Amino acid sequence: MAFDDLLAANQTYAADFHHGGFDGIARAGVAMVTCMDSRIDPLRMIGLEPGDAKILRNPGGRVTDQVLVAVVLGVTLLQVRRVMVVQHTRCAMASAPEEELQARVSTATGTDASWMTLGAITDQEATIRADVHKVESHPLVPDDIEVAGFVYDVDSGLLRPVA
Ligand SMILES: [Zn+2]
């Protein structure tokens, strides 16, 4: 079966599981919006563990409408007090214009992908600032919630504040 190796690993994981019984609050009061990139380990990069934070991931680490819903739920019901918007160096979403990303998907699938908005990022720092503003200015995000934007360097592991 296609998932046997992963299910076997899950058995090992569950045998030593110690996170049972927690509620769904973010114990460290943190939410992080970040990219789906496999080089990013969102909890460990800021010294947290399961149970501590809400992690919201998508291509590029963008504050989409659905991410805003999650942030609103986090800050109103799940004890999130600080929101980090974390994009990263060498991100595929910031590597090419939208049309080129669409062309790459089209080539990979043999099916036209030009109808799908992929969300290419042309100016990463400007995008982060705009995304931070989207969170800060949202009418359902209280004024005392701290919001900041960062670029994560996938080669050094360091976060650089940008907004
Ligand atoms: Zn990325």
Side-chain angles (χ1 to χ4, degrees), residues 2-3 5-6 9-10 13 19 24 26-75 78 80-138 140-141 145-163:
F3 298 92
D5 56 331
L6 304 178
N10 174 251
Y13 174 74
H19 297 297
R27 286 179 303 169
V30 172
M32 182 191 293
V33 182
T34 194
C35 186
M36 65 192 271
D37 193 288
S38 48
R39 294 167 288 189
I40 296 175
D41 189 348
L43 289 173
R44 288 206 298 167
M45 78 156 77
I46 52 173
L48 300 181
E49 351 183 307
D52 285 342
K54 300 299 173 194
I55 306 297
L56 314 167
R57 303 187 72 161
N58 59 36
R62 299 301 314 280
V63 176
T64 60
D65 288 348
Q66 196 63 35
V67 164
L68 282 170
V69 171
V71 168
V72 166
L73 291 171
V75 300
L78 300 167
V80 169
R81 309 308 300 163
R82 292 182 290 175
V83 179
M84 304 174 78
V85 177
V86 179
Q87 296 186 12
H88 66 100
T89 58
R90 299 203 281 124
C91 182
M93 299 308 292
S95 68
E98 181 77 12
E99 301 70 31
E100 188 180 326
L101 291 178
Q102 288 169 330
R104 284 187 208 165
V105 174
S106 298
T107 301
T109 60
T111 301
D112 173 44
S114 63
W115 54 272
M116 177 179 260
T117 301
L118 301 175
I121 296 165
T122 50
D123 181 334
Q124 192 170 52
E125 293 197 9
T127 301
I128 292 171
R129 280 191 287 274
D131 280 2
V132 165
H133 182 71
K134 269 194 213 172
V135 176
E136 284 175 334
S137 62
H138 195 282
L140 297 175
V141 173
I145 301 298
E146 299 284 346
V147 188
F150 306 83
V151 173
Y152 175 72
D153 186 326
V154 295
D155 294 303
S156 71
L158 288 170
L159 285 165
R160 179 170 61 87
V162 298

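This chain uses plain numbering: 1 for the first residue, then up along the sequence. Bear in mind that the values here come from a model prediction, so they are computed numbers and not experimental data. Counting starts at 1 for both ligands and their atoms, in listed order.
Gly60 and Cys35 make their closest contact through N-SG, 3.2 Å (heavy atoms, listed as atom of the first residue, atom of the second, distance). Closest approach of Lys134 to Leu68, counting heavy atoms only: O-CD2, 3.9 Å. Nearest heavy atoms, Leu101 versus Ala92: CD2-O, 3.7 Å.
In this structure, Val33 and Val86 have side chains that are not in contact, with every pair of non-hydrogen atoms separated by 4.5 Å or more. Side-chain atoms of Arg129 and His133, non-hydrogen and from C-beta on, never get closer than 4.5 Å to each other.
Applying the side chain to side chain donor-acceptor pair (under 3.5 Å) rule to pairs touching residues 80-91 yields Arg81-Asp144, Arg90-Asp155, sequence neighbours excluded.
Excluding water, every protein N/O/S atom under 2.8 Å from the Zn ion (ligand 1) is given here by residue and atom: Cys35 SG, His88 NE2, Cys91 SG.
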